[in-house]
Amino acid sequence: MPELPEVETTRRGLAPHCVGRALVRLKVREPRLRWLVAESLPAQAAGRGIASVGRRGKYLIFALEGDLNLLLHLGMSGHMRVVSARQPVKPHDHVDFCLDDGAILRFNDPRRFGSLHAIEGPTDAHPLLASLGPEPLSAAFTGALLHRVGQGRRAPIKSVIMDSHVVVGVGNIYATEALYRAGIHPARAAGRIARARYDRLVNEIKAVLAEAIEAGGTTLRDFSRTDGLPGYFAQTLAVYGRGGEPCRACGRALRSIRLGQRATVYCPRCQR
DNA sequence: ATATGAGCCTGTATGC
DNA sequence: TGCATACAGGCTCATA
């Protein structure tokens, strides 16, 4: 399930294939994604050069010539793959970005939680992006900021760091891992965490995301890299998906709970 | 303002 | 074996 490292892995995989090329055709087989893909979009985008592939949070942004941007979200089961034109279409291959060298960037998303939008001009003001929090790997994301945001809040810290208005890109897997590394109980009220512990938490969020990007992301079920290979971070996960198994630090059985409708695993001894 | 819950989807795993 | 149900979860919207 794509979180920031998976989306960044996708961005890095796509860019060398498509930047500087032209998008000769955009083929939408299934417009019913999270939101209906606009009928006008293929005609609007076709024939334009691709200037860059960027990312904001979990959104990929294809900057096209003529000040048009394509905003693509992978949802939770989506992935992009670079294929040849002869590659047979598989179930859930919803959109093809056909390039002028014959290659295709193919979007597959079984659960259709993904989305595709065209944005004319700057993307920052678009409703989907305007109220997003800072990038977790940027200098703007600090312990001081998170501490300030958490002031007075009774919500569990895990819910707060997964809130994209607070910080983008931290989903269930990496929130779970970062809290374990930081020694913070996921259900602890955000307003009851000391500043120094927030510094630690922010450092661990940055570290776990950076490590996951280096490993090509985490492949559990649907995600794959643009070349079809899996990401290798799954084997590095210390707690996610390991409920009942022993903590690698202290040996106690890891505990599984639900927090805000999300599966959550933590060590009852190491995390307070 | 914050917090909680529903809903969007379908492949996979589990229970009877 | 086969069916029904639960679960996975990023994000927005509605409601308290």
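Every chain is numbered from 1 and lettered A, B, ... according to where its sequence line falls, protein lines coming before strand lines. In this text, all values refer to a predicted model and were calculated from it rather than measured experimentally.
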Counting only N and O atoms by type, is there a donor-acceptor contact under 3.5 Å from the side chain of A/Q271 to the main-chain atoms of A/I184?
yes

Which pair of non-hydrogen atoms, one from A/R181 and one from A/R200, has the smallest distance, and what is that distance?
O-NH2, 2.7 Å

Between A/H126 and A/H117, is the gap from one ring center to the other below 6.0 Å?
yes

By nearest heavy atom, map A/R34 and A/G152 onto DNA chain B; which one lands nearer the 5' end?
A/G152

Between the side-chain atoms of A/R111 and the base atoms of C/dG10, is any donor-acceptor pair under 3.5 Å?
no

Which part of the nucleic acid does A/R153 contact within heavy-atom distance under 4.0 Å: base, sugar-phosphate only, or nothing?
sugar-phosphate

What is the distance, to the nearest angstrom, from the CG atom on A/L33 to the C1' atom on B/dC8?
12 Å

Between A/F113 and A/V149, just flag the one whose closest nucleotide in DNA chain B comes earlier from the 5' side.
A/V149

Value in whole Å for how far the C1' atom of B/dA3 lies from CD of A/Q261
11 Å

Does A/D93 pair with A/R29 as a salt bridge, N-O distance under 4.0 Å?
no

Would you classify A/R112 as touching base, sugar-phosphate or nothing, given that sugar-phosphate means primed atoms plus P, OP1 and OP2, and contacts are heavy atoms under 4.0 Å?
sugar-phosphate

C/dT12, C/dG10, B/dA3: which one has an atom nearest the side-chain heavy atoms of A/W35?
C/dT12

If I take atom NE2 in residue A/H165 and atom P in nucleotide C/dG10, what distance separates them, rounded to the nearest angstrom?
15 Å

Note: A/R55-A/E135 ion pair, threshold 4.0 Å (strictly below)
yes

Could you tell me if the ring centre of A/F62 sits under 6.0 Å from that of A/F97?
yes

Mark yes or no for whether A/R106, through its side chain, and A/Q87, through its backbone, hold a donor-acceptor pair below 3.5 Å.
yes

Expressed in angstrom and rounded to an integer, what is the separation of A/R262 atom CZ from B/dA3 atom P?
17 Å

Testing B/dA3, C/dC11, B/dG11 for proximity to the side chain of A/Y59, the answer is C/dC11

Report yes if a side-chain nitrogen or oxygen of A/H92 is closer than 4.0 Å to either non-bridging phosphate oxygen (OP1 or OP2) of B/dG11; otherwise report no.
yes

What nucleotide, of B/dA3, C/dC11, C/dA8, holds the atom closest to the side chain of A/R258?
C/dA8

Rounded to the Å, how far apart are A/R154 CZ and B/dT4 P?
10 Å

Would you say the side chains of A/N69 and A/T123 form a donor-acceptor pair under 3.5 Å?
no

A/D109 CG - B/dG11 P separation (whole Å):
11 Å

Between C/dC11 atom P and A/L129 atom CG, what is the distance in whole Å?
11 Å

Using atom CG of A/L132 as one end and atom P of C/dC11 as the other, report the distance to the nearest whole Å.
8 Å

Just how large is the angle between the end axes of the helix from B/dT2-C/dA16 to B/dC16-C/dG2, five pairs per end, to 10 degrees?
60°

Can you figure out which of B/dT4, B/dG11, C/dG10 approaches the side chain of A/P110 most closely?
B/dG11

